[in-house]
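In what follows, a single structure is set out as structure tokens and then discussed.
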Amino acid sequence: MNQKTHFTITFIAMLMASMLGFTSCQQIESIEDTLLEEGRIIGQDYRLCACCGGWFIDIGDETYRIPVMPADAELDLSRDQLPMDVLLRWSAPLDPCLGDEIKVSEIREK
């Protein structure tokens with residue numbers, strides 16, 4: 001194999017590898033989006049108890065409560081906007097009070 005052929009094969013291999021790299025980055029971004037779950041904020045918790053307050057949200061077949069929205073949440077939660085479909089990233093708190101609370105790290109309108 002001469003030097004020109006070797007250079008051409010190397011160039012094509014590097015070009016293909018870089019194209020795969022760009023495709024991989026896009027796929028990771030898509031996977032990240034799918035980690036957000038769909039939910040529906042259905043209303044405010046008006047109960048008057050020590051562990052009450054926040055917002056009720058349906059996720060799948062379960063209803064949970066978000067005691068505190070993330071500080072960077074940009075949602076208009078006025079009554080005329082509810083119910084509201086959202087995408088969120090959440091976890092169960094380590095020390096639940098009533099057992100229906102979730103901790104939301106990211107939330108946005110769908």
Side-chain angles (χ1 to χ4, degrees):
M1 181 180 330
N2 66 23
Q3 189 175 9
K4 185 176 181 181
T5 305
H6 180 62
F7 176 77
T8 303
I9 291 172
T10 303
F11 177 76
I12 291 172
M14 288 175 41
L15 183 63
M16 290 176 67
S18 67
M19 290 172 63
L20 286 174
F22 288 125
T23 304
S24 297
C25 291
Q26 291 172 353
Q27 288 176 349
I28 290 170
E29 197 171 277
S30 298
I31 290 170
E32 188 69 25
D33 286 343
T34 61
L35 295 176
L36 296 173
E37 289 192 58
E38 293 183 9
R40 175 175 277 196
I41 299 174
I42 56 174
Q44 193 167 0
D45 180 7
Y46 290 107
R47 297 176 295 175
L48 300 174
C49 68
C51 295
C52 298
W55 301 92
F56 290 113
I57 183 168
D58 289 339
I59 302 172
D61 294 332
E62 297 291 326
T63 299
Y64 300 99
R65 189 171 46 85
I66 305 170
V68 179
M69 285 289 180
D72 61 349
E74 297 180 4
L75 302 174
D76 177 7
L77 296 173
S78 57
R79 287 185 188 192
D80 59 329
Q81 298 298 319
L82 298 178
M84 178 187 292
D85 292 326
V86 294
L87 295 172
L88 71 155
R89 188 179 323 278
W90 65 280
S91 61
L94 297 176
D95 55 348
C97 189
L98 293 176
D100 65 344
E101 308 93 338
I102 61 172
K103 181 178 180 182
V104 176
S105 57
E106 181 181 347
I107 190 166
R108 64 178 183 246
E109 193 168 357
K110 186 175 173 185

[X] and [Y]: which non-hydrogen atoms are nearest, and at how many Å?
| X | Y | value |
| --- | --- | --- |
| C52 | L98 | SG-CD1, 4.2 Å |
| P93 | K103 | CD-N, 4.3 Å |
| C51 | R65 | O-NH2, 2.9 Å |
| D100 | F56 | OD2-CE2, 4.2 Å |

Nearest 0.5 angstrom please: [X] [atom1] to [Y] [atom2], how far?
| X | Y | atom1 | atom2 | value |
| --- | --- | --- | --- | --- |
| I107 | L75 | CD1 | CG | 5.5 Å |
| E101 | D95 | CD | CG | 8.5 Å |
| R108 | R89 | CZ | CZ | 8.0 Å |

Greater than 12 external heavy atoms within 6.0 Å of E38's CD: no

Neighbour count >12 (heavy atoms, 6.0 Å) for atom CG, D80: yes

Partner of R40 by side chain to side chain contact (heavy atoms under 4.5 Å, CB included), out of I59, D85, L82: D85

Exam field: side chain Q81 to backbone R79, donor-acceptor pair closer than 3.5 Å: no

Common cluster, M84/L88, ILVMFWY with side-chain heavy-atom separation under 4.5 Å: yes

ILVMFWY network linking I42 to V68, side-chain heavy atoms under 4.5 angstrom: no

Worked verdict on L36 versus E106 for side-chain contact (heavy atoms from CB on, under 4.5 Å): CA-CA 8 Å; L36 296 173; E106 181 181 347; 3.9 Å; yes

Side chain proximity check, I102 to I57, heavy atoms < 4.5 angstrom: yes

